[in-house]
Amino acid sequence: MDKRLLNKAYEFAEVENRWLQHWTENRCFNAEMEEGRPAFSIVIPPPNVTGVLHVGHALNNTMQDVLTRYHRMCGDNTLWVPGTDHAGIATQNVVERQLASEGKDRHDLGREKFVEKVWQWREEKGGTIIHQLKKLGCSCDWSRERFTMDEGLSAAVREVFVRLYKEGLIYKGDYIVNWCPRCHTALADDEVEHEDTRGKLYHIRYPFADGSGHVVVATTRPETMLGDTGVAVHPEDERFSHLSDVGIRLPLTDRIVPVVFDAHVQREFGTGALKVTPSHDRDDYEIGRRHSLDLLKVIDDKGVMNEAAGDYAGLDRFECRKKIVADLERLGFMEKVEEYDHAVGNCYRCKTVVEPTTSLQWFVAVAPLAAKAVAAVKEERIRIYPKTWYNTFYSWMDNIRDWCISRQIWWGHRIPAWTCEQCGEIVVETYDPESCTTCGSKQLVQDKDVLDTWFSSALWPFSTMGWPNTTRELATFYPTSVLVTSFDILFFWVARMMMMGLHFMDEVPFRDVYLHALVRDKHGKKMSKSTGNVIEPLAVMEQYGTDAMRFTLIAFAAQGREIKLDEERIEGYRHFINKLWNASRFSLMHVDEKSLEGQHILDTPGSLPLVHQWILSRTAATVADVRRGLDEYHFNEIASANYQFIWHEFCDWYLEWIKGDLFGDDEVAAAQARSVLLVVLETILKLMHPITPFVTEEIWSVLPGERSALMNSAFPEVRSDWHNPEAEEQMALLMGVITGIRNIRAESDVHPSARIDATVICPADGRADFIASCGGTISDMTRLNSFAVQTQGEKPADAATYIYKDIEIFVPLKGLVDVAAELDKLSRERVKVEAKLKQVNGKLENATFLAKAPQQVIDKELEKKQALDATLEKIAEAEARLQTLAQ
RNA sequence: GGGCGGGUAGCUCAGUUGGGAGAGCAUCGGCCUUACAAGCCGAGGGUCACAGGUUCAAGCCCUGUUCCGCCCACCA
């Protein structure tokens, strides 16, 4: 045996480092493109280049790795593309903070120098998360690492932009957008987070221009009244029907604005009259457009009141609100102020309150693209798991708005559009044009904006494979097999990949989408640094080992919405890894190359002793369970099937059981045991490898025989010829007897090392002989002095009793029987059995049950009744014997 | 306002076509039994949120109630 396996405990740190180095040096994960093999491909959801591995990444990437390793072992051409996202605003913020600490801002450097600085930052710090993913064991093809700002990917971005523009699906226009006054950029709708906020609802009197009265409007944002260009009421609201010809004289500014009638106004809300600020509210913008109201912008890009705000110019928007309120109150325009909870939009990057404002931006007309995506999903060309997300997907796609793709920052793909200063023509090309396509002027100025980060990530599945060129990669690996990602970016990213993939590749970007849960702490709270409940995957890996963490994450990964991760569980699964290690150590003490040669006996499992037939049957069942879990994305079931089988069947029963053969004198029996043991161990390692690659590869490497790496070995097939219900039933009987004897020992306080005698009384139906034939093993496993099986005979009163179905087990205790305890045990058992019997009898006495239930079910109930009756009878007898003993 | 998910053992959660309620951890008792004390053996513990309905049969299907969580949304 290899020295490394002599270690009593699995020392993960050394093993992990050695395998990581091996994998890297030998480029083990590089994709192959052999003809005639099925393909399996995944593109990684590119983490932000600014990112450091958090537990969500760990979960996401462990899942992808499990699938990738599984398919590689299935012999597929397997590719997992790694990479990072340039993360426009996030990355720009990081570098700006760095500059701020030096007392500078980006304008001090200028655009070109600043972008250079960001690239520099990316060179120095941007590789962190890639390194961490490698440490996690991810079997990505690292030679294909991509970055969304790579030359090739940038070319894809340009190509897409230009084509969409020429198809009329990208346009530029002055519309109301979500503006972040801190980031100085527009945001897409889904980049705005709405949060319920305690605010106030101000009721303000708006006088009629002729002084004949007033109307009261309600608003949460009184400062926007400076930009009001109308008041709207519902056309059928009789309270306001007389207002058709009346103008409104705005308080504070005395501007006269019209009253318009618009069905959008909710009559029940507030006063039923709505002030209209088209430049700073999306709804108002729409109303204004319908009634040709003026646009009057009063807040600038920094959230400060501009010149149009008159006396209020120069005030921050929130300062201005205070002053306006004070002024309105002083001048008697304020009717009342109410406490009011409402949703306020915040920037998803910096949490600043978003200011809706009109601005010249680029948009994608998504409706035709969205229709293709919806069709693909409806036609099941893309399947979404878990399926609960279908509804959410459709409702979002059905209500989709045009996508604002321009951002007023510097870090990102610059929009490939140039304005001719001579003739005003907009030139949009994939190459940098030298002159205007219309007038030939060379005075072209490129658009200053960059594209939304999600624009480039939307192309990720094909841009990473060389598009717009025709490549072998695209031919082999597109569409990708599955996208594994967190549900919170279903719309940011997943839906947009569908749109772009379908539009430009004329094919779905992935066949399956698996949306996994969000990881939370053990109480279900979001992990955050301020709460102090963050579980750091790197620290966990260091403390418990990478395999233990990976196994834990998979074990927790049921198809739900949240995973409440408890660090204690990681420790528990580290024990499991160690268990696997030790079971392997034990096995390796016995198997050798000869055990390999003997493996032909597994082709006729019926000729083997029962315990081998049993473990092979259980192995086949486990392979089926694990495969099903993998194929259907039931990750937790992959973990639990392995756990249950390895620990509680292979270790607890099989290894203990075959010790008799391994240490015994019967050479044939020992050789058989060694061969079966080796096969089962090999199967276990293969089943576990996708989840726990390090420890399994390590053990595999010291198994007897010449063998290639485990990661390239064939994943186990379901051996239906190993399936053997009869053997499982027989083993269950023996296990019942053994558990019974152990129970007596424990309940009667017999010291574990004491040798005792046991007698089994079993009906004469063949089982007695069978049990007797296994007496040696039973004695070994329960430390017996003598073991006897009878079909009838004197039932000793002076003995502890255990009843297993219709079988009685006796352990004579020579006056040491605790009668009260025994009676108590029996009575508890009686209660249970009687309850079950009552249920069964209830069914069997029910005429409609007998008439309507399938015969199969009825037979089962009859069997149950028979067994329960027998048990009850044995309990009664035992109770009677104890009574006599008590007297 | 609309939608979605959930309520099963002390805790965290499984439960795949409806057919005798499960796991891990925790708890209690006993053990260094020649792979493993990061272990072994044994035990206790549930009105499947509540109320109806369908069915021979419901944790599972239907209706309603309630509590928790999340998402979307143009009621200022």
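Letters A, B, ... mirror the listed sequences (proteins, then strands); counts begin at 1.
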Just how far, in rounded Å, is [atom2] of [N] from [atom1] of [X]?
X	N	atom1	atom2	result
A:Leu662	B:rA35	CG	C1'	12 Å
A:Asp281	B:rA73	CG	P	15 Å
A:Gln644	B:rG24	CD	P	6 Å
A:Arg569	B:rA14	CZ	C1'	11 Å
A:Lys275	B:rA76	NZ	P	12 Å
A:Ile638	B:rG24	CD1	P	19 Å

Could you please name the option among B:rC36, B:rC74, B:rC25 that lies closest to any side-chain atom of A:Arg585? B:rC36
Residue A:Tyr573, side-chain atoms from C-beta onward, closest of B:rC74, B:rG24, B:rU33: B:rG24
Test side-chain hydrogen bond (donor to acceptor under 3.5 Å, both in side chains) applied to [X] - qualifying residues, sequence neighbours left out:
X	result
A:Asp859	A:Gln855
A:Ser595	A:Asp592
A:Thr801	none
A:Gln866	none

Polar atom pairs between nucleotides 37-43 of chain B and protein, under 3.5 Å, N or O only, would you list them?
| residue | atom | partner | partner atom | Å |
| --- | --- | --- | --- | --- |
| B:rA38 | O4' | A:His575 | NE2 | 3.0 |
| B:rA38 | O2' | A:Asn578 | ND2 | 3.4 |
| B:rG39 | OP1 | A:His575 | ND1 | 3.2 |
| B:rG39 | O3' | A:Lys579 | NZ | 3.0 |
| B:rC40 | OP1 | A:Lys579 | NZ | 2.6 |
| B:rC40 | OP1 | A:Trp647 | NE1 | 2.7 |
| B:rG42 | O3' | A:Asn743 | ND2 | 3.4 |
| B:rA43 | OP1 | A:Asn743 | ND2 | 3.3 |

Along nucleotides 15-20 of chain B, 5' to 3', which nucleotides get a B, which get an S, and which get a -, given that the test is a protein heavy-atom distance under 4.0 Å? -B--BB
Where does RNA chain B form stems of at least three consecutive Watson-Crick or G-U wobble pairs, each pair having both distances below 3.5 Å? B:1-7 with B:66-72, B:10-13 with B:22-25, B:27-31 with B:39-43, B:49-53 with B:61-65
Hey, does [X] reach any base, or is it just sugar-phosphate, or nothing, if we go heavy atoms under 4.0 Å?
X	result
A:Thr220	sugar-phosphate
A:Arg745	nothing
A:Tyr643	sugar-phosphate
A:Lys832	sugar-phosphate
A:Val265	base
A:His648	sugar-phosphate

Test item: side-chain donor near acceptor, A:Tyr206 and A:Asp228, under 3.5 Å: yes
When rounded to the nearest Å, what value does the distance between C1' atoms of B:rG5 and B:rA49 take? 15 Å
Only counting residues at least two apart or in another chain, list the ones meeting ring-ring contact (aromatic ring centres under 6.0 Å, His included) with [X].
X	answer
A:Tyr385	A:Tyr633
A:Tyr202	none
A:Tyr573	A:Phe551, A:Tyr643

Point-to-point distance, once rounded to the nearest 0.5 Å, from CD1 of A:Ile324 to CE of A:Met225: 6.0 Å
Short heteroatom pairs, N/O only, protein and nucleotides 4-10 of chain B, under 3.5 Å:
| residue | atom | partner | partner atom | Å |
| --- | --- | --- | --- | --- |
| B:rC4 | O2' | A:Arg561 | NH2 | 2.4 |

For A:Lys336, all residues meeting salt bridge (charged side-chain N to carboxylate O under 4.0 Å, His left out), sequence neighbours excluded: A:Glu338
